[in-house]
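When a ligand or atom number is given, it counts from 1 through the structure's own listing order.
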Amino acid sequence: MEFGYWTSLIRLLLLCKAAQSAFIPDGVYYTDCHDRFFMIAVNLSFAGQEPYFEAVDETGVFPITEQYAAQCGYTAGILTVPGLVELRASYFSCHTTNHNDQIFTFNFNLIVTHNEERVSYALNKTCSPSLPWSPREVTCEVNYLEVSVKSDVFCPLALKPDIWNSYMQTVYDSATPGWQVVLVKEGKGMKPLNLSEARLYGYTFTVTENRLVARAAYGQPHSSRSEIDGISLEVLHAIMFSRQEWHVLLVDLVAPCTMYEAPYDGSGYMTWETPFTLYTGLHTTNFSFGLDGKLWEPDVARDMGYSVTSDGTVKVGVPYDADGAYRKSVVTEDLFDLYTCHFYMEQMATSDGGAETRTRTFRTLSSLIRRLLLTENRTVPHEEMFTVYLGNVPGDLELVAIQLNEEKFEAPFVNSSSYALDFTVMPNHTYGYTLTVPFDDPLVIKRFSAEHGAEVNELNIVYSVMIKPKRGPFSYHTTVTALRGIPPPQFDASCSESGITFKLDHEPSNVLWEFTVGSEPLTPELAAQQGYILSNNNQTLQLEVPLFTHGYKYENITLKGFLGTFETRVRNRQTSEVLSSSVKTCPFTAKEIIVCSKDGRMTIVADFSEVAAYEGAIVKTSLLDKYCGPIDADDSKALFSFPLNSCGTRVTFNKGSMTYQNAILYSINSSTPIGSFFVQCTYPLTALSQLFSKFAFDSETAGVGHLWRPLPSVFHRVHPDFSPQSPP
Ligand SMILES: *[C@@H]1O[C@H](CO)[C@@H](O)[C@H](O)[C@H]1NC(C)=O
Ligand SMILES: *[C@@H]1O[C@H](CO)[C@@H](O)[C@H](O)[C@H]1NC(C)=O
Ligand SMILES: *[C@@H]1O[C@H](CO)[C@@H](O)[C@H](O)[C@H]1NC(C)=O
Ligand SMILES: *[C@@H]1O[C@H](CO)[C@@H](O)[C@H](O)[C@H]1NC(C)=O
Ligand SMILES: *[C@@H]1O[C@H](CO)[C@@H](O)[C@H](O)[C@H]1NC(C)=O
Ligand SMILES: *[C@@H]1O[C@H](CO)[C@@H](O)[C@H](O)[C@H]1NC(C)=O
Ligand SMILES: *[C@@H]1O[C@H](CO)[C@@H](O)[C@H](O)[C@H]1NC(C)=O
Ligand SMILES: *[C@@H]1O[C@H](CO)[C@@H](O)[C@H](O)[C@H]1NC(C)=O
Ligand SMILES: *[C@@H]1O[C@H](CO)[C@@H](O)[C@H](O)[C@H]1NC(C)=O
Ligand SMILES: *[C@@H]1O[C@H](CO)[C@@H](O)[C@H](O)[C@H]1NC(C)=O
């Protein structure tokens with residue numbers, strides 16, 4: 001029974017004003033004749049959330065409120081199938097028209113609210129149950145117990161003879177011929193009441209054509225509790241009697257109902273347990289049970305997956321996935337599955353005399369088990385993003401928010417640069433959400449792990465789910481991390497007039513790297529040896545490389561200037577694998593330059609301004625081979641570029657090196673050269689291993705160039721047979 005049903009019903013009744021009557025559309029309600037009750041089900045999508053019923057007979061219209069329902073044989077507001085609200089009315093309910101206990105007609109109004117307006121539909125149902133009435137019938141409904149007895153049956157009395165005798169006295173003393181009742185609790189009877197008085201106490205007694213009926217809500221003051229085989233029962237016991245003209249009719253009405261409360265044992269079953277025999281002195285013949293008003297023999301139920309044991313007590317386990325069992329989510333401090341079913345049971349018993357007692361019990365069984373959501377780390381490191389799966393989310397839960405580290409995103413989820421959310425429905429009606437977040441997103445927490453030599457990316461996820469429509473939310477946390485290789489750093493390089501400066505900020509991850517110039521690790525020793533300026537404070541590593549120091553490459557040499565390129569490299573400290581390099585090219589101007597390339601070319605810019613100032617304007621320049629002139633020249637400079645094996649170059653071997661020498665001859669006033677600059681390129685022999693096997697010049701390193709001239713005061717005339725000289 002839904003508590004909400006009754007509170008909303010009371011509210012509606014308070015608002016009560018005359019409702020209009022209308023024709024009901026087809027297909028929005030169903031009626032059914034069961035063995036012992038009318039069943040009416042109304043589709044909630046038609047009836048709205050707050051429908052209610054009124055019973056109607058020739059004496060009036062009676063709203064079926066909670067208390068009235070229990071006293072008069074109605075059970076309303078049960079949500080058996082989701083989306084349907086059900087009303088059950090006993091065939092002996094107060095306002096049912098009864099023809100000879102054979103044909104029953106129930107007139108009722110269904111009241112729904114459409115667009116804030118209450119609409120009443122007058123409906124009726126007539127049933128003739130095919131199952132004959134047993135001499136004694138007990139119904140243990142969810143909200144009341146009811147017993148009916150054939151009025152000419154002689155049931156064994158459950159009272160001691162001496163108590164009994166005192167009632168006989170009362171009966172004979174009573175003046176009225178109408179029916180009277182005595183409510184009996186724990187063997188003691190209270191004073192006799194007529195039927196209208198009993199009604200005021202909350203008990204309904206009815207006399208039909210052939211039967212006497214008693215009914216009461218559970219927990220009435222005159223009901224008693226007892227126990228059989230450790231199972232609690234509530235017992236309604238009344239004696240009805242009537243003094244006819246010359247005899248007394250006296251009927252004992254006893255209705256025991258099992259009040260078993262299942263423990264939440266997480267066994268996978270919703271359980272029900274009842275004593276095998278509800279009446280002492282009777283023999284139970286058989287029992288059957290089912291869901292939603294259906295009854296099956298135990299063997300049939302077993303085949304359907306039910307567990308059934310009958311060993312002193314009858315114990316039935318309804319599997320969670322039984323047809324007619326429903327699940328819904330419940331959030332308390334944790335997330336639970338609440339399984340519910342509407343259980344129905346019949347127990348048959350006979351007395352020695354063969355009189356049958358049929359007991360039918362309705363119970364709502366439920367079981368609560370913790371729901372575990374599934375989170376799965378489906379991150380594939382090389383995809384550079386987190387992939388996290390949240391699964392096993394029941395269909396009645398809604399994901400309303402996702403918190404990713406410090407940032408919260410709320411539904412509706414729209415894919416963004418930060419995340420994408422994908423959604424799948426599993427065959428078992430659970431949902432799965434796949435969340436992807438790029439490692440690079442600013443909300444991902446990053447830190448360096450020296451242990452792994454890698455960057456740790458961390459994502460703390462809090463999923464907030466809510467039960468539809470709006471209950472919760474419940475939060476579900478998970479944390480995923482992924483290691484990610486750290487990209488090698490890049491130096492910041494800048495040009496100055498005198499060289500190139502490389503800078504690198506210190507990072508914890510820098511312990512992974514080794515910085516080199518060519519293949520030489522960049523150490524203070526190397527810097528000192530090569531004339532680099534290395535400074536290393538706690539924030540930055542700085543390397544200044546003056547022009548013409550070891551490691552430069554020169555290109556695009558013109559009279560005006562040239563390009564100088566320097567490269568630093570980052571190696572893996574462990575494997576020495578080169579991971580990146582920072583290459584910087586800067587434009588420079590210099591008065592003179594001599595470059596000895598690896599492919600065997602000497603390139604020179606020679607400056608004659610001093611010579612010209614001393615001796616007069618230069619008219620012509622050439623190399624030793626007078627046909628090798630400059631590529632370009634102006635008043636003071638000349639640019640030569642020639643292969644080492646040409647233009648009269650001479651070769652000398654020294655210790656461990658090979659030197660190529662030539663001279664730039666110049667003439668003043670006449671075409672005869674009057675002076676010279678000496679130029680030479682020296683290559684270490686170790687770099688020239690290819691020289692003798694290959695046709696073309698090929699050095700592993702650039703040569704060291706040198707250009708010099710005699711002091712102006714000792715300028716001398718050039719002899720035709722030039723002989724090499726050592727530089728000063
Ligand atoms: C209730 O009515 C709606 C709309 O007519 C229908 O889709 C739904 O299936 C019905 N529900 C039940 C339980 O019959
Ligand atoms: C019962 O309802 C039907 C329509 O469903 C109607 O024709 C009939 O008159 C009603 N009977 C009574 C007794 O109200
Ligand atoms: C029942 O008893 C009360 C008082 O005891 C009396 O007023 C009432 O008339 C009786 N009703 C019937 C139907 O006998
Ligand atoms: C159970 O008992 C009822 C009444 O005695 C009888 O009609 C029915 O056949 C019995 N069922 C079985 C399986 O014995
Ligand atoms: C539903 O199916 C999914 C995927 O097959 C599975 O992970 C999950 O545990 C299942 N949930 C239930 C309640 O059966
Ligand atoms: C979000 O991205 C996922 C995966 O890339 C995709 O399957 C889904 O359709 C996208 N959703 C929206 C609303 O664009
Ligand atoms: C998640 O997956 C990644 C990639 O497979 C893995 O590196 C990481 O250790 C996993 N575990 C957690 C808890 O994030
Ligand atoms: C880093 O150097 C600066 C000055 O260059 C100094 O103020 C600071 O305290 C130093 N920090 C550490 C952690 O040594
Ligand atoms: C260097 O010269 C080459 C051709 O000789 C030219 O393609 C290149 O662009 C020049 N580089 C620069 C930086 O000027
Ligand atoms: C070149 O000619 C100028 C005058 O024309 C003369 O003064 C100078 O001495 C000459 N230089 C040489 C090296 O002959």
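Side chain of S496 to backbone of G499: a donor-acceptor contact under 3.5 angstrom is found.
Listed by number with element, the atoms of ligand 7 under 4.0 angstrom from any heavy atom of N377 are 1 (C), 2 (O), 3 (C), 8 (C), 10 (C), 11 (N), 12 (C), 14 (O). Short contacts between ligand 7 and P381, defined as distances under 4.0 Å to a heavy atom of the residue, involve ligand atoms 4 (C), 5 (O). Here is the list of ligand 5 atoms found below 4.0 Å of a heavy atom in N392: 8 (C), 9 (O), 10 (C), 11 (N), 12 (C), 13 (C).
Checked against the 6.0 Å centroid threshold, Y666 and F677 count as a close aromatic pair. When ring centroids are compared, Y344 and F289 stay outside the 6.0 Å threshold. The ring of F562 has its center no closer than 6.0 angstrom to the ring center of Y552. A ring-centre distance under 6.0 Å is not found for F386 and Y419.
Ligand 5 has no N or O atom lying under 3.5 Å from any N or O atom of R371, backbone or side chain.
Two residues are said to be in side-chain contact when any heavy atoms from C-beta on lie closer than 4.5 Å; L547 and Y554 meet this criterion.
Counting heavy atoms of neighbouring residues, nucleotides and ligands inside a 6.0 Å radius, atom CG of D635 does not exceed 12 of them.
The stretch residues 372-464 participates, sequence neighbours left out, in no disulfide bond (SG atoms under 2.5 Å apart) pair at all.
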Check each N or O atom of ligand 9 against all protein N or O atoms and list the pairs under 3.5 Å, with atom names and distances to 0.1 Å, one per line.
{"residue": "ligand 9", "atom": "2 (O)", "partner": "N556", "partner atom": "OD1", "Å": "2.9"}
{"residue": "ligand 9", "atom": "2 (O)", "partner": "N556", "partner atom": "ND2", "Å": "2.3"}
{"residue": "ligand 9", "atom": "11 (N)", "partner": "N556", "partner atom": "ND2", "Å": "2.7"}
{"residue": "ligand 9", "atom": "14 (O)", "partner": "N556", "partner atom": "ND2", "Å": "3.4"}

